[in-house]
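The sequence lines fix the lettering, A, B, ..., with proteins before strands; numbering per chain opens at 1. Treat the numbers as computed from the prediction; the structure is a model and nothing was measured.
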Number of protein chains: 2
Amino acid sequence: MRGRRIRIKDLADRLSLSTSTVSRALAGHSDVSAETRQLVNQLADELNYYPDPIAVNLKQRKSNVIGLIVPNIDNRFFAKALTGIQQVVSQHAYNIITSQSNESLEIEKKNVEVMMANRVDGLIVSLARETINAQHFNKILNTDTPIVFFDRVNEGLDTSKVVIDDYEASYKAVKHLIDEGCRRIAHIAGPPNLFNSRKRLEGYKDAIRDHDLYLDKRLIIFASNYQQDAKPYTKSLLSLNSPPDGIFALNDRSAIQIMYYIKQEGLKIPQDIAIVGFNNNELSQYFDPPLSSVESPAEELGQSAAELLFKHIENENLPPSSKVIKSNLIVRDSSLRSKYL
Amino acid sequence: MRGRRIRIKDLADRLSLSTSTVSRALAGHSDVSAETRQLVNQLADELNYYPDPIAVNLKQRKSNVIGLIVPNIDNRFFAKALTGIQQVVSQHAYNIITSQSNESLEIEKKNVEVMMANRVDGLIVSLARETINAQHFNKILNTDTPIVFFDRVNEGLDTSKVVIDDYEASYKAVKHLIDEGCRRIAHIAGPPNLFNSRKRLEGYKDAIRDHDLYLDKRLIIFASNYQQDAKPYTKSLLSLNSPPDGIFALNDRSAIQIMYYIKQEGLKIPQDIAIVGFNNNELSQYFDPPLSSVESPAEELGQSAAELLFKHIENENLPPSSKVIKSNLIVRDSSLRSKYL
DNA sequence: CAAAATCCCGGGATCGTTCCCGGGAACGAT
DNA sequence: ATCGTTCCCGGGAACGATCCCGGGATTTTG
């Protein structure tokens, strides 16, 4: 199958040189005559020679592969992050192997095992929803393999992290709803074990309090199951004695489902209820009304995570650091109550 | 960094055995005493020994990695396909390296180079829009590395393929529009160099002709640029002397944009114009009206492609084959004119 | 002109694993 | 007692590239 592959030895035989000389010539070392180097490079070109990465990796004792573990690659946010990571990684002539935890702690643990077994030189991770205790990453850290977490991070581990400004983004989104005249704002929150869910919740709470609004715990919904439809909690929010007049959701999918069910009830958006989502899905602008959303720069997040990881790979003793990337509130009609006054 | 890794030699030294014996014991060969095997396995467990995949790969002369080249991973269809591929690949204890052509022929060529340089054991590919001539894959085929194409295929190469029933899907979708009373149906077509674009166009044409409708070439739009917004061609369709009363689009994103601009013009969907999309985006059901769409089983497509690839990897002489996977028309309100009669 | 420095290159070890080959011990059969 | 089997196991050569070491040939230096 790969019997016909050209090795350094083949070049050496044809030129009546030793493999060492050919190797040095290809590597551009100085202790080989310009003439010989020329011959070698020419033949290598001609025969379309590539060094076997596996042999190189064995010799160098590294895999030139980094691992990526994300909850779901068919989540556009993570797909974009992967794109950002790939840009950086390909510049370093590394490869990525990707795996999905499917939001499951068990699968995440298995993924970590696979990554370890594959001797990745570094790992980029965004945690599963279920992951409260992230100690299974310590096995990897103990082998001095660097890990960079992004977006879904956990405070229990002393590693580098890249996150967006969840607190500020959330605060800004809620403040925007308040500025548009909302007084009872609901928050569809993420699982509280995730750092960014908590930060967003804090931002929500602080914005409410800073503007002297009543912080009603019945307006805070923890969407327990990721795949769950928004119908139940939308209904229950609407059936409150004093239902919300604004909703800030953890992602656009929820926000869009909520809009759908609100419209089914005959209520108007944003006049009756204003909505802001998160992550700015590419289709969000085409809804009726177009959905306001916090745009989180997923690609940039991925790039930063990868860049940070390579710094760790290149310098073993680099202390962990955290990077925060600014998000951007995109205001569309779903939250523009002032437009209809 | 990985100096502390345990090798087979470490096990051998501790047990005063040779590396060969340890290797055979771990591999479960019969020619080693049950007692020794027991000791070896126990110590391996204890020291948390994993064989180094790089060394194994070098020895076995394969990488245990397959390559995936897709146009865009943040296209949900391809993300789902990747998920399907991963399921199969992980069962074979293989890994995937993923790359994106970004619909560019040049990048696709580079991706192929990278895959070759990385000695992938097989390749799964969905072609870029720009790719008319796919001869750059011949370099890989010449090394006897199997390739399976899926969805975006090309007839010029004698390899295995997995596609959906584009012709039938298209025919069914258009027939559905006709059944709902549409008489002037437009088709937003994909680039004609892609096999499935042509098949869909054929299905469209045949459905029109079989039902004695006039095949108006002005109703066939080739969306030249993938990223292009639907606004220009939607406007031009609407400004025809006799504008369409039904539109069958190449994907949901186009369909949704079209709906958006049609509604902006004050026209009603489906009463004035009925719409059917393709690929059934997860958000399509939440639009107003909910979008009818052809659901293409991306995950299954990925699985089949991977399974087929492994058959080729395991059997070098397996002749190329093609598999067709059935899609499914999901009818929602955007095309249900009969409901409003 | 001899000694030293310089320039190129080959030999061989190395990375960690697998696998072929062959050797020694135990055992039963002749 | 000798021979042929069977059963375990060790030695050593791969896999392909890199790199240290040292040696011969040429050039420079005193």
Between [X] ([atom1]) and [N] ([atom2]), how many Å, whole number?
X       : N      : atom1 : atom2 : answer
B:Arg61 : D:dA14 : CZ    : C1'   : 9 Å
A:Ile6  : D:dC15 : CD1   : P     : 16 Å
B:Ile8  : D:dC9  : CD1   : C1'   : 14 Å
B:Arg37 : D:dC9  : CZ    : C1'   : 13 Å
B:Gln60 : C:dC20 : CD    : P     : 12 Å
B:Leu39 : D:dC9  : CG    : P     : 10 Å
B:Leu17 : D:dG10 : CG    : C1'   : 10 Å
A:Asp10 : D:dG16 : CG    : P     : 9 Å

* Is there a donor-acceptor contact under 3.5 Å from the side chain of A:Asn154 to the main chain of A:Gly156? -> yes
* Asked: Has the side chain of A:Arg76 got a donor or acceptor atom that lies under 3.5 Å from a matching backbone atom of B:Asp74?
  -> yes
* Could you say whether B:Asp31 or B:Tyr49 is positioned toward the 5' end of DNA chain C, judged by the nucleotide with the nearest heavy atom to each? => B:Tyr49
* To do: Check the angle between the aromatic planes of A:His92 and A:Phe310 and answer parallel, tilted or perpendicular using the 30° and 60° thresholds.
  => parallel
Among the nucleotides [options], which one has an atom lying closest to any side-chain atom of [X]?
X       : options                : value
B:Ser33 : C:dG16, D:dA17, D:dC8  : D:dC8
A:Arg24 : C:dG10, C:dT17, D:dC19 : C:dG10
B:Ser18 : D:dG10, C:dT17, D:dT18 : D:dG10
B:Thr19 : C:dC9, C:dG12, D:dG12  : D:dG12

* Could a donor-acceptor pair under 3.5 angstrom be found where the side chain of B:Lys59 meets the base of C:dT17? -> no
* Quick one: label B:Ser20 by what it contacts on the DNA or RNA (base, sugar-phosphate, nothing), any heavy atom closer than 4.0 Å. => base
* At under 4.0 Å between heavy atoms, what does B:Leu58 touch on the DNA or RNA strands: base, sugar-phosphate, or nothing? -> base
* Asked: Looking at B:Thr21, does any N or O in its side chain come under 4.0 Å of the phosphate oxygens OP1/OP2 on D:dG10?
  -> yes
* **Side-chain N or O of A:Ser23 closer than 4.0 Å to phosphate OP1/OP2 of D:dT18** => yes
* Answer yes when B:Arg14 and B:Asp10 have at least one side-chain N-carboxylate O distance shorter than 4.0 Å, and no when they do not. => no
* **Note: B:Arg152-B:Glu103 ion pair, threshold 4.0 Å (strictly below)** => yes
* Counter-base of C:dA29, judged by Watson-Crick or G-U geometry with both distances under 3.5 Å -> D:dT2
* Asked: For DNA chain D, whose closest nucleotide is more 5', that of B:Val32 or that of A:Arg7?
  -> B:Val32
